[in-house]
**Student:** 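Encoded as structure tokens, here's the structure I'll be asking about.
Predicted model only: the values in this text are computed from it and were never measured.
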Amino acid sequence: MDNRSIAQLLFETADLLEISAADPFRIRSYRRAAEAVESSTIQLSEIAHDAKKLQEIPGIGKSMAANIQDIEKTGTLPLREELLTKYRPGMLDLLRLPGMGPKSVALFWEALQVSSIAELETAIAEGKLASLPRMGTKQIEKLRKGIEDYKKNSGRFLIDDAEIAAEKLIAYLRAFDGMDVITPAGSLRRGRETVGDLDILVTGRACTEGKVQSAVEYTAAYPLIVDLIAKGQNKVSFRLRGGLQIDVRLLPENSYGAALQYFTGSKMHNVAIRQRALKRGYTLSEYSLARVDDGSFVAGATEEEIYAALGLDWIPPELRENNGEIEAAEQHRLPALIELKDIRGDVHMHTNVTDGKNTIREMAEAALARGYEYLAITDHTKNLAMTFGLDDERTIEHARHIREVEKEMGGRIRIFAGMEVDILANGQLDLADETLAQLDVVIVSVHSLFNMPEEEMTARILRAVENPYTRILGHATGRLLLRREAYKLNLPQILRRCAELGVAVEHNAYPDRLDLCDRDLRLARELGCKIVINTDSHHTSHMEKIRYGVSQLRRAWLTRNDVLNTRPANDFLAALRPKP
DNA sequence: GCCGTTTTCGGCCCGACTGTTTTCAGTCG
């Protein structure tokens with residue numbers, strides 16, 4: 001079993017333990033072990049036979065090593081099975097609802113035998129919750145809304161999870177002789193934040209008539225399939241554990257471009273393109289662009305030749321939403337979109353001084369290895385106590401340390417001293433001005449949940465932005481995809497003020513954060529905001545997540561000129577709001 | 001549960017906020 005799946009089982013066990021009101025420290029041990037497994041570069045299945053080796057991993061002791069061995073052997077662990085005789089798997093979903101924690105799950109189970117989101121929904125509709133302690137009208141309404149949002153989002157998967165699933169499948173398919181070109185299409189190719197299902201296109205010698213059937217059989221034998229939905233002439237559909245649906249299509253080479261165009265979408269873009277084709281006497285299908293009158297083949301092997309035959313420049317997948325890209329392609333004025341290689345620095349990252357996993361030096365080396373010219377270390381402040389956030393004194397000490405490490409690096413990379421400063425209830429920052437004055441990069445971010453009217457929440461952030469030391473607004477909408485809704489904010493008002501004050505707004509590239517969606521980013525640019533893209537890395541391996549954020553920037557039609565950290569280090573600092 | 005070694009037992013990040021209370025439990029990060 002892969003590390004991710006092992007970690008998943010440990011996380012689930014921790015959740016179940018929490019519902020059963022077990023020792024909090026024991027619960028934490030399971031979570032720590034799960035995290036250790038997840039981030040380990042060693043494949044645990046390869047060393048699972050050796051309990052001693054397992055115990056060399058920090059966070060894994062004697063019992064956890066035995067648990068992992070059980071998982072390898074049986075696919076689960078005894079404690080989890082035991083807990084599942086007492087509780088129900090659906091409770092793990094309940095925990096994902098905003099405002100639902102282990103105590104509430106346990107309460108609903110004991111009082112009402114509610115063990116799933118569907119049952120909770122029924123209980124709310126029947127008014128059964130009101131009789132329970134701590135369940136006032138506001139709390140019940142919050143849950144009702146949470147269920148609504150959950151249902152809206154469920155069935156979609158974060159892009160990086162989908163991509164990992166795609167990569168695994170592609171590696172499997174490549175082993176088959178003659179599957180020469182394999183490409184993910186659909187919303188994954190368009191760089192959406194989430195994908196509903198995965199479309200994988202395959203072409204090559206194995207996809208020609210007469211040979212394709214054995215390729216289809218091979219695809220349908222993919223070991224991770226839990227539910228084979230369909231197996232046809234040139235298509236296999238199935239579901240993986242976790243619910244992700246994948247459609248694999250095997251097509252001859254002369255249809256490949258047409259298929260890629262067709263299955264990349266979006267629906268609206270394709271409708272517009274097909275209408276355009278008809279106007280010109282063509283018909284476009286997933287197999288080819290053909291003449292309407294005699295059905296003769298016009299184009300199909302590549303997307304470029306199809307778009308060209310329709311009088312269009314090739315359109316990057318991220319733009320294919322029928323948002324003006326077809327007109328722009330016709331007039332040869334598609335923007336030169338920002339690219340991954342344009343990014344010269346990442347200015348939001350954490351170290352093991354707070355809740356990160358690596359040292360300043362390790363983060364700097366990793367940034368250097370990515371080809372960056374600079375980075376900023378921006379750890380948490382004291383208000384986020386759980387992260388061991390820094391107070392003024394420790395902030396200054398930390399900044400000194402950052403500058404020392406920069407010297408040690410011998411000019412190979414610039415390291416800016418910064419902080420991710422929390423916004424307090426009154427809109428003030430939780431570091432003193434004298435401290436902020438010593439930092440290169442001050443990011444202000446809302447971390448605490450403030451359930452208050454939109455105007456008040458907005459005013460709070462505006463106050464934080466007004467602070468003359470604020471240079472970047474982080475987590476601008478505070479949303480966590482698939483988990484809860486964003487803070488209630490007047491975002492246009494905030495972005496406008498940022499633009500006036502010269503405060504940059506951050507686009508957080510981490511897939512489950514992605515604070516600004518493409519619509520927000522478009523707005524930010526329209527309002528004249530400075531835009532910064534960051535990963536908010538808590539581990540050296542997180543830095544690569546920048547590519548997902550770049551996709552979002554591309555979806556928002558941004559070019560390198562629109563993004564501050566495409567500039568060299570000194571230009572970047574100079575472009576930030578000047579310090580008082 | 002793990003860890004450390006003043007090693008076999010005691011410590012293990014905690015403050016802000018909300019909603020429901022009338023002094024605090026639960027959730028979040």
**Student:** In whole angstroms, how far is the P atom of B:dG29 from the CG atom of A:L384?
**Tutor:** 10 Å
**Student:** Could you tell me whether A:N67 contacts a base, only the sugar-phosphate backbone, or nothing, with contacts defined as non-hydrogen atoms closer than 4.0 Å?
**Tutor:** nothing
**Student:** So what does A:T137 touch, heavy atoms closer than 4.0 Å: a base, only the sugar-phosphate, or nothing?
**Tutor:** sugar-phosphate
**Student:** Would you name the heavy atoms of A:P511 and A:I159 that are closest together and state the gap between them?
**Tutor:** CB-CG2, 4.3 Å
**Student:** Under 4.0 Å, counting only non-hydrogen atoms across every strand here, what does A:P24 touch: a base, just sugar-phosphate, or nothing?
**Tutor:** nothing
**Student:** Across the strands shown, which category fits A:P58 at heavy-atom distances under 4.0 angstrom: base, sugar-phosphate, nothing?
**Tutor:** sugar-phosphate
**Student:** Any idea which of B:dA25, B:dG19, B:dC17 is nearest the A:K138 side chain?
**Tutor:** B:dG19
**Student:** Would you classify A:F25 as touching base, sugar-phosphate or nothing, given that sugar-phosphate means primed atoms plus P, OP1 and OP2, and contacts are heavy atoms under 4.0 Å?
**Tutor:** base
**Student:** Hey, can you tell me if A:H380 and A:H350 have their rings parallel, tilted or perpendicular (30° and 60° cut-offs)?
**Tutor:** parallel
**Student:** Do you see a donor-acceptor pair shorter than 3.5 Å between the side chains of A:D422 and A:T381?
**Tutor:** no
**Student:** A:F388 ring centre to A:R394 NZ or CZ under 6.0 Å, with the angle to the axis within 45°?
**Tutor:** yes
**Student:** Rounded to whole Å, how long is the line connecting atom CD1 of A:I60 with atom C1' of B:dC3?
**Tutor:** 14 Å
**Student:** Tell me which nucleotide among B:dT27, B:dA25, B:dG1 gets nearest to the side chain of A:S29.
**Tutor:** B:dG1
